[in-house]
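Please find one structure pasted underneath; my questions will follow.
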Protein chains: 2
Amino acid sequence: MPGYDPTDFPAVAVTVDLVALTVAADELAVLVVRRGEEPFAGQEALPGGFVQPDEDLLAAAQRELAEETGVGPASAHLEQLASYGTPGRDPRMRVVTVAHLALVADPPAPRAGSDAAAARWAPVAEVSPGLAFDHDTVLRDGVERARAKLEYSSLGASFCAPEFTVAELRRVYEAVWGRRLDPRNFHRKVTGTAGFLEPTGETTTRDGGRPAQLYRRGPAAALHPPLLRTDG
Amino acid sequence: MPGYDPTDFPAVAVTVDLVALTVAADELAVLVVRRGEEPFAGQEALPGGFVQPDEDLLAAAQRELAEETGVGPASAHLEQLASYGTPGRDPRMRVVTVAHLALVADPPAPRAGSDAAAARWAPVAEVSPGLAFDHDTVLRDGVERARAKLEYSSLGASFCAPEFTVAELRRVYEAVWGRRLDPRNFHRKVTGTAGFLEPTGETTTRDGGRPAQLYRRGPAAALHPPLLRTDG
DNA sequence: CCAAAAGTGTTCAAAGTACACCCATGA
DNA sequence: TCATGGGTGTACTTTGAACACTTTTGG
């Protein structure tokens with residue numbers, strides 16, 4: 001391994017890409033931007049950009065998320081997903097991208113004024129085959145990660161407002177997994193798991209029916225046993 | 001996002017690092033190399049190196065693994081782990097490393113003749129606090145990933161020779177998890193899960209006791225329900 | 001009153017856990 | 001013979017799954 005010098009190693013650009021997911025209208029949606037330039041001009045792509053010289057990878061992803069949606073670090077879950085660096089994935093030059101997964105609570109209207117002209121939240125199935133670069137693969141990996149994480153963590157609450165009902169949380173699970181869940185067993189499961197939910201003491205009737213308890217996300221990370229395999 | 005030009009984006013080097021694990025003497029061991037130059041000269045580090053201009057990330061990791069151990073792609077499981085790019089993690093310049101996790105069956109004597117002079121398989125606890133760069137973190141993440149994957153896949157067999165007994169496989173699990181398992185329930189579990197093991201029809205007495213059936217790894221990926229929480 | 005949704009109780013089946021027990025081998 | 005480890009059977013407990021049922025709101 002020779003000494004490090006800019007001429008010693010290949011020219012590689014490092015970017016961060018975002019798989020930003022939200023649940024809107026009981027459907028899993030992803031943030032995409034319309035490309036204005038070649039390559040893939042006119043096609044949609046995941047938002048992304050260069051990592052700045054003194055910027056951590058996660059910080060770069062946070063910056064991108066804020067730029068495209070206005071969502072700050074406090075209102076979304078953000079974690080690294082995987083890196084993609086196949087030669088030729090960007091025809092212009094060698095680009096290694098570190099993809100990140102963001103779970104966003106409320107679908108705030110994407111800011112049209114920023115550098116990414118036309119950003120929008122689109123149902124995953126609507127854009128999924130058809131994204132630029134290798135972003136179909138990246139999106140698939142992100143959705144798969146999100147599905148897996150709901151099963152053994154309390155991350156599903158990241159898709160909900162700070163205070164939410166069990167029914168709202170259940171609709172998140174149903175949207176992400178694409179499967180109906182038994183409301184009664186779901187209720188028993190999430191309220192019966194220590195640390196998963198924190199009751200606020202207040203109730204609401206916004207779902208219809210009788211007043212429902214409002215909860216906040218609890219500190220628990222584990223839900224481990226397979227969470228409800230059935231439908232209702 | 002401006003056009004791509006080597007002067008437009010920060011100079012970043014991309015490397016691959018390896019968390020190569022094996023089970024030797026009923027203990028989880030990791031491949032480390034002794035550094036000969038600054039920074040961290042004299043300290044041990046995970047093996048790694050630059051990604052070549054037209055080389056895929058996984059291919060680069062395969063090359064590194066072969067260079068350091070002589071192990072080819074067929075005899076080891078290799079997957080991407082995560083990327084680490086905190087500014088300053090390498091004092092010389094900005095380096096983003098894509099860490100990979102390798103599970104190696106037999107601990108072949110590391111090749112001393114290669115560019116990494118002194119490579120060795122060391123018990124994880126022996127080197128763990130004390131590695132160069134941020135490699136303690138990388139190693140911790142790799143071990144955590146390995147532990148998790150054993151629970152819901154048949155990857156444990158990657159630590160065994162092509163043909164192995166249930167007892168050998170159990171010792172792998174015990175080494176990785178650092179916990180004793182009930183031999184009888186373990187046997188029932190792995191032989192009772194469809195696709196997990198493939199009997200070869202032959203037996204051996206190398207473990208002592210009565211002749212034991214030899215198995216190969218089956219195609220199954222899922223083991224899902226929590227695999228044995230108890231000790232013997 | 002009726003529909004809809006929250007929340008509880010009950011029952012059944014499946015899976016993990018503990019452990020007694022037998023079998024085959026080598027020393 | 002005895003110690004060692006492979007392999008089977010069995011009983012107990014926990015958990016998921018299905019579903020009947022009551023309660024409380026809005027229309």
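Sequence lines set the chain letters: A, B, ... in the order given, protein chains first and strands last, and positions in each chain run from 1. Only this structure's heavy atoms are used, side chains among them; waters, hydrogens and symmetry mates stay out. In this text, all values refer to a predicted model and were calculated from it rather than measured experimentally.
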Indicate, with a heavy-atom threshold strictly under 4.0 Å, whether A/Arg170 touches base, sugar-phosphate, or nothing.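 Contact class for A/Arg170: sugar-phosphate only.
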Where is the tightest heavy-atom contact between A/Arg35 and A/Phe133, given as atom of each residue plus distance? NH1-CE1, 3.5 Å
Starting at atom CD of A/Glu168, determine the distance to atom P of C/dG7, rounded to an integer number of angstrom. 11 Å
Hey, would you say the B/Tyr215 and B/Phe164 ring centroids sit under 6.0 Å apart? no
Return no unless some side-chain N or O of B/His187 is found under 4.0 Å from OP1 or OP2 of D/dG7.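 Indeed, a polar side-chain atom of B/His187 lies that close.
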Spacing of B/Leu181 atom CG relative to C/dG16 atom P, expressed in whole Å: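 Checked: the CG to P distance equals 13 Å.
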Are B/Ser158 and B/Arg217 close enough that a side-chain donor and a side-chain acceptor fall under 3.5 Å? yes
From CG of A/Leu169 over to P of C/dA6, roughly how many Å is that when rounded to an integer? 12 Å
With no hydrogens and no angle check, just 3.5 Å: does a side-chain donor-acceptor pair link A/Asp17 and A/His135? yes
Between C/dA5 atom C1' and A/Leu214 atom CG, what is the distance in whole Å?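 Rounded to the whole Å, the gap is 15 Å.
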Using residues 196-205 of chain B as the side-chain source, report each donor-acceptor pair under 3.5 Å to any protein atom, sequence neighbours left out, with the distance given to one decimal.
unit_1: B/Thr200; atom_1: OG1; unit_2: B/Glu202; atom_2: N; d: 3.2
unit_1: B/Thr200; atom_1: OG1; unit_2: B/Leu214; atom_2: O; d: 3.1
unit_1: B/Thr204; atom_1: OG1; unit_2: B/Arg206; atom_2: N; d: 3.2

Heavy-atom protein contacts under 4.0 Å, nucleotides 19-27 of chain C, coded B base, S sugar-phosphate only, - none: BBB-BBS--
Looking only at non-hydrogen atoms, find the nearest pair between B/Val33 and B/Pro47 and report the distance.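 Heavy atoms of B/Val33 and B/Pro47 come nearest at CG1-CB, 4.1 Å.
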A/Lys189 NZ to D/dT14 P, in whole Å, measures 15 Å
